[in-house]
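Residue indices begin at 1 and follow the sequence shown. Nothing here was measured: the structure is a model prediction, and the numbers come from that model.
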Amino acid sequence: MGIRFIIMVNKQGQTRLAQYYEWLTLEERRALEGEIVRKCLARTDHQCSFVDHRNYKIVYRRYASLFFMVGVDGDECELDIMFHLEKAHFMLEEMVMNGCIVETSKANILSPIQLMDKAH
């Protein structure tokens, strides 16, 4: 699964930050952002934070007055994460310590998990 974009918007739907990891024209970016923002902001707090849109899975979360939206490709779903929650937590702990990103190498993050899998 790869991250294709990260978008941060306020409660009014105004984009505050957008970073893309695949090439899209400015018009495609604007259209994509508008569609995703409308879809995510229209959801209630009781709905899950995973949304399918086009060929992306959107994972979003609201913090204070900002929404963070991450577009990923791949066939992962919420259940995949929930059934492997300890691995998700472990990966996050390998990447972030005390609020700072300390590791970005996919190989370095996954190698301890692969060792744990071999032990089972």
Side-chain angles (χ1 to χ4, degrees):
M1 174 178 8
I3 296 175
R4 297 298 167 211
F5 56 83
I6 299 172
I7 301 171
M8 183 174 63
V9 301
N10 63 15
K11 288 192 296 188
Q12 292 76 33
Q14 298 167 317
T15 301
R16 296 299 182 211
L17 173 84
Q19 181 69 43
Y20 290 85
Y21 302 102
E22 67 181 0
W23 191 86
L24 295 172
T25 67
L26 189 56
E27 294 79 24
E28 291 172 324
R29 289 179 182 196
R30 283 186 186 143
L32 181 64
E33 286 175 29
E35 294 166 5
I36 292 170
V37 167
R38 280 190 297 279
K39 188 176 271 192
C40 291
L41 268 61
R43 296 173 62 85
T44 68
D45 291 340
H46 303 293
Q47 292 177 293
C48 75
S49 297
F50 294 80
V51 177
D52 287 319
H53 184 75
R54 296 187 189 178
N55 56 333
Y56 303 107
K57 292 221 182 266
I58 311 301
V59 182
Y60 71 94
R61 186 72 179 192
R62 179 180 172 193
Y63 294 101
S65 64
L66 295 174
F67 285 83
F68 294 82
M69 302 170 198
V70 179
V72 297
D73 61 2
D75 56 2
E76 314 303 328
C77 72
E78 186 175 6
L79 288 177
D80 293 331
I81 294 170
M82 296 310 294
F83 285 131
H84 303 286
L85 194 56
E86 70 283 349
K87 289 181 183 179
H89 279 282
F90 187 84
M91 285 188 282
L92 188 58
E93 289 169 1
E94 287 290 307
M95 294 169 47
V96 180
M97 281 188 194
N98 294 326
C100 297
I101 296 175
V102 295
E103 184 62 72
T104 59
S105 167
K106 182 178 178 180
N108 290 346
I109 293 166
L110 293 179
S111 64
I113 294 172
Q114 293 166 342
L115 287 172
M116 288 188 317
D117 286 344
K118 287 180 184 178
H120 289 138

### Message
Checking the side chain of Glu33 only, and the main-chain atoms of Arg30 only, is there a donor and an acceptor separated by less than 3.5 Å?
### Response
no
### Message
Taking Ser105's backbone N and O only, do any of them form a donor-acceptor pair with Glu103's side chain (distance below 3.5 Å, no angle check)?
### Response
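Side chain of Glu103 to backbone of Ser105, a donor-acceptor pair under 3.5 Å: yes, one is there.
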Gap separating the [atom1] atom of [X] from the [atom2] atom of [Y], nearest 0.5 angstrom:
X: Thr44; Y: Gln47; atom1: OG1; atom2: CD; result: 4.0 Å
X: Arg61; Y: Cys40; atom1: CZ; atom2: SG; result: 13.0 Å
X: Phe67; Y: Met8; atom1: CZ; atom2: CE; result: 13.0 Å
X: Lys118; Y: Gln114; atom1: NZ; atom2: CD; result: 7.0 Å
X: Arg4; Y: Arg54; atom1: CZ; atom2: CZ; result: 15.0 Å

Are [X] and [Y] side-chain neighbours, meaning at least one heavy-atom pair lies under 4.5 Å?
X: Ile113; Y: Glu94; answer: no
X: Val9; Y: Met69; answer: yes
X: Ile7; Y: Gln19; answer: no
X: Asn10; Y: Arg16; answer: yes

### Message
Do Val51 and Ile36 sit in one hydrophobic cluster, given that two such residues count as connected whenever their side-chain heavy atoms are within less than 4.5 Å of each other, even indirectly?
### Response
yes
### Query
Are Tyr56 and Tyr60 co-members of a hydrophobic cluster defined by side-chain heavy atoms under 4.5 Å apart?
yes
### Message
Using side-chain contact (heavy atoms from CB on, under 4.5 Å), reason through Lys57 and Asp52 one step at a time and then give a plain yes or no.
### Response
CA-CA 5 Å; Lys57 292 221 182 266; Asp52 287 319; 2.8 Å; yes
### Query
More than 12 heavy atoms of other residues, nucleotides or ligands under 6.0 Å from CG of Leu26: is that the case?
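Check passes, neighbour count above 12.
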### Query
Side chains of Glu28 and Tyr20: is there a donor and an acceptor less than 3.5 Å apart?
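The answer is no; no qualifying pair exists.
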### Query
Taking all non-hydrogen atoms of both residues, which atom of Ile109 and which atom of Thr104 are closest, and how far apart?
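That closest heavy-atom pairing would be CD1-C, 4.2 Å.
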### Query
Salt bridge check: are Asp45 and Arg62 linked by an N-O gap of less than 4.0 Å?
no
### Task
Decide if the gap between the ring center of Tyr63 and the ring center of Phe68 is smaller than 6.0 angstrom.
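Centroid separation for Tyr63 and Phe68: below 6.0 Å.
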### Message
Testing Val72, Val70, Ile58 one by one against Phe5 for a side chain to side chain contact (heavy atoms under 4.5 Å, CB included), which residue passes?
### Response
Ile58
